[in-house]
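Below is one structure, written out as structure tokens; the observations come after it.
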Amino acid sequence: AKINNCMQPLKTLALALFLIISTGAFAQKELIVTEGSATTSLGERTGFTITIDKKSEKETLKALKTWLGEMQKKPDFEETVKHEFKLTGFVNASISPDPINVYFLFTEYSDYVKVTGFFEVNLTFVASTTMSDKVEPCKNFMRRFGLRMEKLGVEEQLAVAQKELNKRSDEQASLEKKNKQLNEQIKEWEESIAKAKSDLEQNGKDQESKKSEIAKQKTVNEEIEKKLKEYEGY
């Protein structure tokens with residue numbers, strides 16, 4: 001008889017994932033970009049800020065460099081002062097046909113980091129009071145970076161989930177291997193039991209045959225004993 005595989009752990013995991021997804025745990029939240037003034041190496045400037053959850057400044061800066069490098073080969077990106085970085089001569093047609101400069105200011109907290117982008121177009125920093133038509137493109141630029149960070153977060157979640165899936169798959173493979181071993185053992189035991197039953201049946205036949213031999217031998221012995229009595233007294 002075959003032994004059924006243990007599927008309960010996989011069923012439990014599937015149910016947990018269904019509950020997480022159905023409750024919107026992985027739903028994309030709205031990315032808010034706020035306009036406001038902040039102190040930079042150039043003094044007070046108007047910038048556009050996004051909040052990146054569960055990331056450090058170091059992680060966010062690394063992702064920013066990678067993202068900028070995907071849009072422009074070898075972008076001119078350098079640190080100006082601590083927590084502030086400058087992107088020089090960057091080409092972004094949605095903001096301006098001319099190269100622009102962007103200053104990025106990082107403010108790190110315990111479980112999130114704020115990134116403020118200050119966009120310098122033709123020596124003027126974009127703000128609602130200076131270049132209102134460029135405010136939304138600048139916000140979109142920051143919003144796109146925020147979405148990139150969210151994408152990285154989801155990729156990390158997927159990596160963790162994939163690791164867990166691989167673990168569960170390995171456990172399932174181990175159960176299947178054990179199942180095969182157990183079935184092989186059962187087959188061996190069944191063959192042993194069948195052989196033992198056959199040996200037991202043969203043993204019964206051998207006993208009957210031996211009993212017949214014993215009976216015949218007893219008869220022979222009795223005849224010899226009778227003959228021996230004829231010699232009593234001698």
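If you're wondering where the values come from, they're calculated on a predicted model, not measured in any experiment. Quick note: residue numbers are just sequence positions, from 1. Values reported hereafter were calculated over all heavy atoms of this structure, with side chains retained and with hydrogens, waters and symmetry mates removed.
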With a 3.5 Å cut-off and sequence neighbours excluded, list the donor-acceptor pairs that the side chains of residues 213-230 form with protein atoms.
unit_1	atom_1	unit_2	atom_2	d
E213	OE1	K210	NZ	3.1
Q217	NE2	N221	OD1	3.1
T219	OG1	A215	O	3.1

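- In this structure, L158 is not a member of the same hydrophobic cluster as L147, with clusters built from ILVMFWY side-chain heavy atoms closer than 4.5 Å.
- Judged as a ring pair (Phe, Tyr, Trp, His ring centres under 6.0 Å), the pairs with a partner in residues 34-76 (not counting sequence neighbours) are, in order, W67-F141, W67-F145.
- For the side-chain contact (heavy atoms from CB on, under 4.5 Å) test with T49, the passing option among T34, T107, V115 is T34; the others fail.
- Under the 4.5 Å side-chain heavy-atom criterion for grouping Ile, Leu, Val, Met, Phe, Trp and Tyr, F104 is not connected to L42 through any hydrophobic cluster.
- Applying the salt bridge (Lys or Arg N to Asp or Glu O under 4.0 Å) test to residues at least two apart or on different chains, the pairs with a partner in residues 58-73 are E70-R148.
- Residues passing the side chain to side chain contact (heavy atoms under 4.5 Å, CB included) test with D199, sequence neighbours excluded: K195.
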Before you tell me yes or no, could you show the steps for V135 and V126 under side chain to side chain contact (heavy atoms under 4.5 Å, CB included), namely the whole-Å CA-CA distance, both residues' side-chain angles and the distance that decides it to 0.1 Å? CA-CA 6 Å; V135 168; V126 176; 4.2 Å; yes
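- Under a hydrophobic clustering in which Ile, Leu, Val, Met, Phe, Trp and Tyr are joined whenever their side-chain heavy atoms come within less than 4.5 Å, directly or via other members, V113 and V102 fall into the same cluster.
- Although no hydrogens or angles enter the test, the distance criterion places a donor-acceptor pair under 3.5 Å between the side chain of T60 and the main chain of S56.
- To the nearest 0.5 angstrom, I32 atom CD1 is 8.5 Å from T51 atom OG1.
- Remark: the backbone N or O of G89 is paired with a side-chain donor or acceptor of N101 at under 3.5 angstrom.
- Summarising the hydrophobic clusters (Ile, Leu, Val, Met, Phe, Trp, Tyr; side-chain heavy atoms under 4.5 Å, direct or chained), the residues clustered with Y109 are Y112.
- Atom OG1 of T116 is separated from atom CE of M142 by 6.5 Å, given to the nearest 0.5 angstrom.
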Start with the C-alpha distance between N166 and D170, add both sets of side-chain angles, then the distance that settles side-chain hydrogen bond (donor to acceptor under 3.5 Å, both in side chains), and finish with yes or no. CA-CA 6 Å; N166 292 341; D170 290 342; over 6 Å; no
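- Interatomic distance, CD of Q207 versus NZ of K211, reported as 6.0 Å (0.5 Å rounding).
- Hydrophobic cluster membership is shared by V33 and I52, with clusters built from Ile, Leu, Val, Met, Phe, Trp and Tyr side chains linked at under 4.5 angstrom.
- Contact check on E156 versus K55 returns a salt bridge, with a Lys/Arg side-chain nitrogen under 4.0 Å from an Asp/Glu carboxylate oxygen.
- Hydrophobic clustering of Ile, Leu, Val, Met, Phe, Trp and Tyr side chains at less than 4.5 Å, counting indirect connections, keeps L105 apart from V121.
- Residues L31 and G146 share a closest heavy-atom pair of CD1-C, 3.3 Å.
- Under the rule for a side chain to side chain contact (heavy atoms under 4.5 Å, CB included), the partners of K197 that lie at least two apart in sequence or sit in another chain are I193.
- When the salt bridge (charged side-chain N to carboxylate O under 4.0 Å, His left out) test is applied to K134, no partner is found at least two apart in sequence or on another chain.
- Under a 3.5 Å cut-off, the side chain of N183 and the backbone N or O of N179 do form a donor-acceptor pair.
- Between the side chain of S169 and the main chain of L165, a donor-acceptor pair closer than 3.5 Å is present.
- Residue pairs meeting the side-chain hydrogen bond (donor to acceptor under 3.5 Å, both in side chains) criterion with at least one member in residues 74-95, sequence neighbours excluded, are S41-E84, E57-H83, T80-E84, K86-Y103, N92-S94.
- Looking at every heavy atom in both residues, F118 comes nearest to A38 through CZ-CB, 3.9 Å.
- In this structure, L152 and E155 have side chains that are in contact, with non-hydrogen atoms separated by less than 4.5 Å.
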One pair to check against side chain to side chain contact (heavy atoms under 4.5 Å, CB included): Q72 and L68. What are the steps and the verdict? CA-CA 6 Å; Q72 182 171 305; L68 295 173; over 6 Å; no
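- Under the rule for a side chain to side chain contact (heavy atoms under 4.5 Å, CB included), the partners of K178 that lie at least two apart in sequence or sit in another chain are Q181, L182.
- Atom CD of residue E120 and atom CD1 of residue I100 lie 9.5 Å apart, to the nearest 0.5 angstrom.
- Screening residues 181-227 for ring pair (Phe, Tyr, Trp, His ring centres under 6.0 Å), with sequence neighbours left out, gives no hits.
- Residues V91 and P99 approach most closely at CG2-CG, 4.4 Å, considering heavy atoms.
- Note that CG of D133 and OG of S128 are 10.5 Å apart. Values are rounded to the nearest 0.5 Å.
- Scored by the side chain to side chain contact (heavy atoms under 4.5 Å, CB included) test, E136 finds K139, N140, R143 as partners (sequence neighbours excluded).
- Under the ring pair (Phe, Tyr, Trp, His ring centres under 6.0 Å) criterion, F77 pairs with F85, sequence neighbours left out.
- Checked by atom type and distance alone, the side chain of T130 pairs as donor or acceptor with a backbone atom of F125 at under 3.5 Å.
- With S192 contributing its side chain and E188 its backbone, the two residues share a donor-acceptor pair below 3.5 Å.
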Under the side chain to side chain contact (heavy atoms under 4.5 Å, CB included) criterion, do V154 and K151 qualify, and how do the steps go? CA-CA 5 Å; V154 174; K151 177 184 177 182; 5.7 Å; no
